[in-house]
2 protein chains.
Amino acid sequence: MNEGAPREIVSRRSRPAKAPLSRDVVVSTALEILEREGLSGLSLRRVAAALDTGAASLYVYLANLEELHSLMLDRALGAVRLPKARSSPWRDRLKALLLSYFRVLYERQGLAQIAMSTIPFGPNSLRIWEMLLGLLKEGGVEDIKAAWGVDLLTLYVTAIAAERSLRRESGQVLRRVETALSTVSEEEFPLIFAFKKALLGGEGETRGAWALDVIIGGIVGGPVPHRSPRDSSRKTKARGGQHKK
Amino acid sequence: MNEGAPREIVSRRSRPAKAPLSRDVVVSTALEILEREGLSGLSLRRVAAALDTGAASLYVYLANLEELHSLMLDRALGAVRLPKARSSPWRDRLKALLLSYFRVLYERQGLAQIAMSTIPFGPNSLRIWEMLLGLLKEGGVEDIKAAWGVDLLTLYVTAIAAERSLRRESGQVLRRVETALSTVSEEEFPLIFAFKKALLGGEGETRGAWALDVIIGGIVGGPVPHRSPRDSSRKTKARGGQHKK
DNA sequence: ACCTGAACACCGTTCAAGT
DNA sequence: ACCTGAACACCGTTCAAGT
């Protein structure tokens, strides 16, 4: 079975009353609900209801809600477009892949939020990681920088998708930020006051593309971490005893 | 009243039965509960119970749970250490500030998660933003790059704190990632297979410091975004051939 | 092996009624 | 103006009992 491909879902109306469930239908149904009703509308009970059963039935296929989230995320990541080898300069392919990753997370409401609370490690995530590693290596990036760089790039893409989703989905948050920025005191916060337009300016994908360039450029041109990955258990210095206040 | 300073909380045991509540006590109590019981233990009902009242009473001081989260976050950010002007090179001060920001979010369980779902804009957040803008300007970073750079840096710090918190707090997630990585197929994912040690290696703060350097270096050395919010005295050369999406 | 209803121990939010 | 109990409409998870 192709985990990555979008899956045809048999309408539950036409199924015999007690058709057997499966992990697959549960995940597909959950993604449909997420798409239509958002994260706040997604619950095990809601998924179970859509499948004409009780929430308890889902526990045959899932350990818990967290596992459902993780399966949903990996399934959705099957829609990320992997650029064809050597179809364009490595850096363009890298950016195209990351942009597609961003869009998949951003375009389905709630998915980016799920991605921030679930470390992805299913087959589709692995495919993306593998390709990202390959692209950075193709660009001549040293091994450790490539490994850490992929982590940094995916973290950024996930975080920016979550932040943008939040702004899109919660008009309340956005309005409060705008109010706070527009009433900021010039004497107390002169720089914020001077920059408020630039700070608020979302400007579609220009800004996201800029940030991606900054990070990629930083990885390529930046320092090689000074410690080898083999020597991973040693600590440089004891953690300062931060006192709680 | 100093929003930023830690506040002495009068023991609820010694209060007269119907002592008046306030936004302040509600937020302080919520932060205590977060510290002791984590995000999953924090609820309006739980906060109300700690204050010997019903959840409905809190709605005099808060619009909803989201607002409580936002207030908690800004209060907690009061603990971020702002480096003294000119005490060391600007880049060191920038890194110290961001590290302190990271620690505040990371060290109180659940706080980083709250930060990822709340755009901070209270007085303490503004102070941090103002200082970050000042540091980048001190480093000679162009205005738009400074504004967008501060956004990128704070997004990164918040995201890495949330990711690390997740790994720390959910042994389950961590174990599943480790299992997935250690059983990865060498033929299908040769690079992940080869790099799995580097990918897993958390290495305390070495990695986080590396990423910070990458981003700061990328901001300083990277391109100026080709659209300015307002054409100021300084002329920025438009970059030809940049395609818009 | 799978499904189910009911129960357990919770949620955020609203509202009429109190003081 | 503030507080309260009760209600509403939900949660995830467990479990004994069914098929």
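Below, each value reflects all heavy atoms present in this structure, side chains not excepted, and no hydrogens, waters or symmetry copies. In what follows, every chain begins at residue 1, and chains take the letters A, B, ... in the order their sequences are listed.
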Novice: What's the CG-P distance between A:Leu39 and D:dC11, to the nearest Å?
Specialist: 12 Å
Novice: Just how far, in rounded Å, is P of C:dG5 from CG of A:Asp52?
Specialist: 11 Å
Novice: Examine distances only and state if a side-chain atom of A:Thr118 and a backbone atom of A:Ala115 form a donor-acceptor pair shorter than 3.5 Å.
Specialist: no
Novice: Find the distance A:Leu51:CG to C:dT4:P and express it as a whole number of Å.
Specialist: 10 Å
Novice: Please check if the side chain of B:Ser165 supplies one atom and the backbone of B:Ala112 the other of a donor-acceptor pair under 3.5 Å.
Specialist: no
Novice: Nearest to the side chain of B:Leu65, which nucleotide is it out of D:dC15, D:dT13, C:dG12?
Specialist: C:dG12
Novice: How many whole angstroms separate atom CG of B:Leu58 from atom P of C:dC11?
Specialist: 12 Å
Novice: CG of A:Leu62 versus P of D:dT14: gap in Å, rounded?
Specialist: 12 Å
Novice: With sequence neighbours left out, which residue pairs that include part of residues 107-121 of chain A fulfil the salt bridge (charged side-chain N to carboxylate O under 4.0 Å, His left out) condition?
Specialist: A:Glu35-A:Arg108
Novice: Is the distance from OP1 or OP2 of C:dC11 to the nearest side-chain N or O of B:Ser43 less than 4.0 Å?
Specialist: yes
Novice: Under 6.0 Å between ring centres, would you say that holds for A:Phe189 and A:Phe193?
Specialist: no
Novice: Considering only side-chain heavy atoms of A:Ala55, which listed nucleotide, C:dC11, D:dC2, D:dT13, is closest?
Specialist: D:dT13
Novice: Establish, with yes or no, whether the OP1 or OP2 oxygen of D:dC3 is under 4.0 angstrom from a side-chain nitrogen or oxygen of B:Tyr61.
Specialist: yes
Novice: Let's see if you can work this out: which of D:dC3, D:dG5, C:dG5 has an atom nearest to the side-chain heavy atoms of B:Ser57?
Specialist: D:dC3
Novice: Quick one: does A:Ser182's side chain have a donor or acceptor within less than 3.5 Å of a partner on A:Glu178's backbone?
Specialist: yes
Novice: State which of D:dT4, C:dG12, D:dG12 makes the closest approach to the side chain of B:Ala56.
Specialist: D:dT4
Novice: Side chain of B:Tyr61, backbone of B:Leu21: donor and acceptor closer than 3.5 Å?
Specialist: yes
Novice: Within this structure, what is the CG-to-P distance between A:Leu42 and D:dG12, rounded to whole angstrom?
Specialist: 8 Å
Novice: Take the protein atom CD of B:Glu66 and the nucleotide atom P of C:dC11, then report the distance between them rounded to whole Å.
Specialist: 19 Å
Novice: Using a 3.5 Å distance criterion without hydrogens, assess whether the side chain of B:Arg168 forms a donor-acceptor pair with backbone atoms of B:Tyr106.
Specialist: yes
Novice: Could you tell me the separation between the CZ atom of A:Arg45 and the C1' atom of C:dC10, rounded to a whole number of Å?
Specialist: 11 Å
Novice: Tell me whether the side-chain N/O atoms of B:Thr53 come closer than 4.0 Å to OP1 or OP2 in D:dT4.
Specialist: yes
Novice: Taking atom C1' in both C:dA1 and D:dA17, compute the distance separating them and give it to the nearest angstrom.
Specialist: 15 Å
Novice: Dot-bracket, DNA chain C: Watson-Crick or G-U, under 3.5 angstrom, [ ] crossing, | other strand?
Specialist: ||.|||||...|||||.||
Novice: Would you measure the distance from the C1' atom in D:dC8 across to the matching atom in C:dC11 and give it in whole Å?
Specialist: 12 Å
Novice: For a side-chain contact (heavy atoms from CB on, under 4.5 Å) with B:Leu199, tell me which candidate from B:Ile192, B:Leu191, B:Val184 qualifies.
Specialist: B:Ile192
Novice: Between D:dT13, C:dC3, C:dG12, spot the one nearest the side chain of A:Asn64, thanks.
Specialist: D:dT13
